[in-house]
Amino acid sequence: MRKASVSLRAVLIASFLALSLVLVAAYALVAKEHFIRGLDAAMAGNMEKTARTFSEVIGAEESEQVREFSGFDVATRWGGLPDYALRAFPNGPGESGQLLKQENSAWLSRPRSVIFAMRNDTGHGPLYLSQKVTPRGASEVLPQAARQNRAFTLTVSLLVIGFVFIVGWLLLWHVSRPMAALRAWTRSLNNEKLSHPVPDFSYPELNEMAELIRNSLSTVQQAVDRERRFLRHASHELRTPISTIRSNIELHRKLTQKREKFEDEQNIVDRIDRASLTMKHLTETLLWLNHEPDTPLQSEVVDISELIQELAAEMTYLLVGKPVTTEISTVPYSCTVPLVPARIILGNLIRNAYQHCWEGTVVIEQQEDRVTINNPVEPDAQNPSPASSENTGYGLGLELTTSLSQRIGWHYTSSRHGNYHRVIVEIGRSLDG
């Protein structure tokens, strides 16, 4: 299963969106905490002020009874406070000015009550203050302050989201432009552009990547050019000795027409003739494979039936000594095709059929622009290994046929049906030269 790919743009957008949400959530929590701490600080200051006022008003009177003063319950000892304070804080405050607080609330809900307690040491001794705040008894100022705090938090959050969005969009815009330019430049690379300097893509990392791409492609192109030049030069150089061999064979045959020829001598000459013909076809194939793609192919009117009969007759030497028969069925059909590639393609197919058939009948049928070749194969040759194909030349012939068919616009298929191997060639009706 292919792993789903995610674009870099989507990853960056998701990252900035997650970052903005985290920032907003963190700010909301901090704003809430500051609001609560501010209320607690205000409560502690109010209780401290109440304690000083109580001490000045009550004076040094030692009263253990709790008194309500300025909205707070005040006592000179901890045990004198109301039960709600004692239940909430059994141990009481440990030092002066320490504010104790207990909320009675569930998760994400308003508290049902809040209990405050504090100890304050005055010049007349310690005073203990407590207060229980409920929604009914709460000041009307607190809800209004809470609403203002929420509105402020929401406004700042929207501003943060907008700022992160703008920064992210600008960053994507600045980064995506050179990346898109790098992608377009990479797709447009050809032999000519590989020799040009690398354009500037704004960022050193992208420039380094572009340089690596250009160097890699240049190395590959140089290797391909060297191989192509070698094949082209070798093929051209081979044409001269091959032509010499074939011309000398013809000369030998003419010279021996006037005298009796021995059978062994004739077999030797025939083998040399067949080997030179095979080298000639292979040389022509290699030359055409290294033919420049942009160079126009010279086409001419060819009778496909005559070409098949001629090629089949040339390849009959491959059936010598084999219990193999041939059935060739053709109909006259002329079309405009490149002659040399056509001879190479059809010749390779017929040669492969003859070479790899050990007994039975090879059937060659041609109906207008459709050529079908069926030849029996041995059961263990139904799925030949790559190594055996290379050793016999079967794989090379099919590979050359496929390459040349694509070059001149022919449709070629190869398949197995039982103990038979079948190839079908659909010839292009015309090709501009």
Side-chain angles (χ1 to χ4, degrees), residues 246 249 253 261-285 304-333 342-405 410-427:
R246 295 196 57 79
I249 289 173
R253 285 176 176 172
K261 292 178 288 186
F262 298 100
E263 183 178 355
D264 292 342
E265 181 184 2
Q266 183 62 36
N267 290 338
I268 293 174
V269 173
D270 290 342
R271 284 196 296 269
I272 296 174
D273 186 27
R274 291 194 296 266
S276 64
L277 185 61
T278 301
M279 288 190 293
K280 176 184 177 183
H281 290 159
L282 181 59
T283 301
E284 291 176 349
T285 302
I304 300 299
S305 61
E306 293 182 359
L307 180 60
I308 292 175
Q309 294 286 351
E310 177 185 348
L311 293 173
E314 290 181 359
M315 304 298 173
T316 53
Y317 70 90
L318 295 171
L319 303 178
V320 176
K322 297 181 182 179
V324 177
T325 59
T326 60
E327 293 182 6
I328 302 176
S329 174
T330 61
V331 295
Y333 177 73
R343 287 184 60 90
I344 293 173
I345 293 173
L346 296 177
N348 277 336
L349 295 178
I350 296 174
R351 181 187 302 106
N352 280 328
Y354 285 4
Q355 182 176 355
H356 297 278
C357 178
W358 301 102
E359 62 179 357
T361 303
V362 178
V363 180
I364 304 174
E365 297 179 346
Q366 176 259 326
Q367 292 290 334
E368 294 187 347
D369 62 344
R370 183 184 178 92
V371 180
T372 305
I373 302 176
N374 291 279
N375 64 282
V377 294
E378 296 180 356
D380 58 353
Q382 294 263 341
N383 297 302
S385 64
S388 62
S389 297
E390 291 179 3
N391 292 336
T392 60
Y394 194 74
L396 178 60
L398 295 183
E399 183 177 353
L400 297 179
T401 300
T402 302
S403 300
L404 285 177
S405 297
W410 290 13
H411 183 65
Y412 161 75
T413 58
S414 175
S415 59
R416 300 282 186 175
H417 299 276
N419 292 336
Y420 279 84
H421 176 251
R422 173 182 297 175
V423 295
I424 300 175
V425 178
E426 295 181 2
I427 300 172

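Note that this is a predicted model, so its numbers are computed, not measured. Heavy-atom basis, side chains included; hydrogens, waters and symmetry copies ignored.
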Quick check: closest heavy atoms across [X] and [Y], and the distance to 0.1 Å?
{"X": "Arg422", "Y": "Asn374", "result": "NE-OD1, 2.8 Å"}
{"X": "Leu311", "Y": "Gly347", "result": "CD1-N, 3.6 Å"}
{"X": "Glu368", "Y": "Gln366", "result": "O-NE2, 2.8 Å"}

Separation of [Y] [atom2] from [X] [atom1] (nearest 0.5 Å):
{"X": "Ile350", "Y": "Leu307", "atom1": "CD1", "atom2": "CG", "value": "7.5 Å"}
{"X": "Ile345", "Y": "Tyr412", "atom1": "CD1", "atom2": "OH", "value": "10.0 Å"}
{"X": "Cys357", "Y": "Leu318", "atom1": "SG", "atom2": "CG", "value": "11.0 Å"}
{"X": "Asn375", "Y": "Ile364", "atom1": "CG", "atom2": "CD1", "value": "9.0 Å"}
{"X": "Gln309", "Y": "Glu314", "atom1": "CD", "atom2": "CD", "value": "12.0 Å"}
{"X": "Met315", "Y": "Asn348", "atom1": "CE", "atom2": "CG", "value": "7.5 Å"}

| query | Does a side-chain heavy-atom distance below 4.5 Å link Thr326 with Tyr354? | reply | yes
| request: Using a 4.5 Å cut-off on heavy atoms from C-beta on, say whether the side chain of Pro376 contacts that of Glu359. | output: no
| task | Please identify each residue that fulfils salt bridge (charged side-chain N to carboxylate O under 4.0 Å, His left out) with Arg370, with sequence neighbours left out. | result | Glu426
| Are there more than 12 heavy atoms of other residues, nucleotides or ligands under 6.0 Å from atom CD of Glu310? | yes
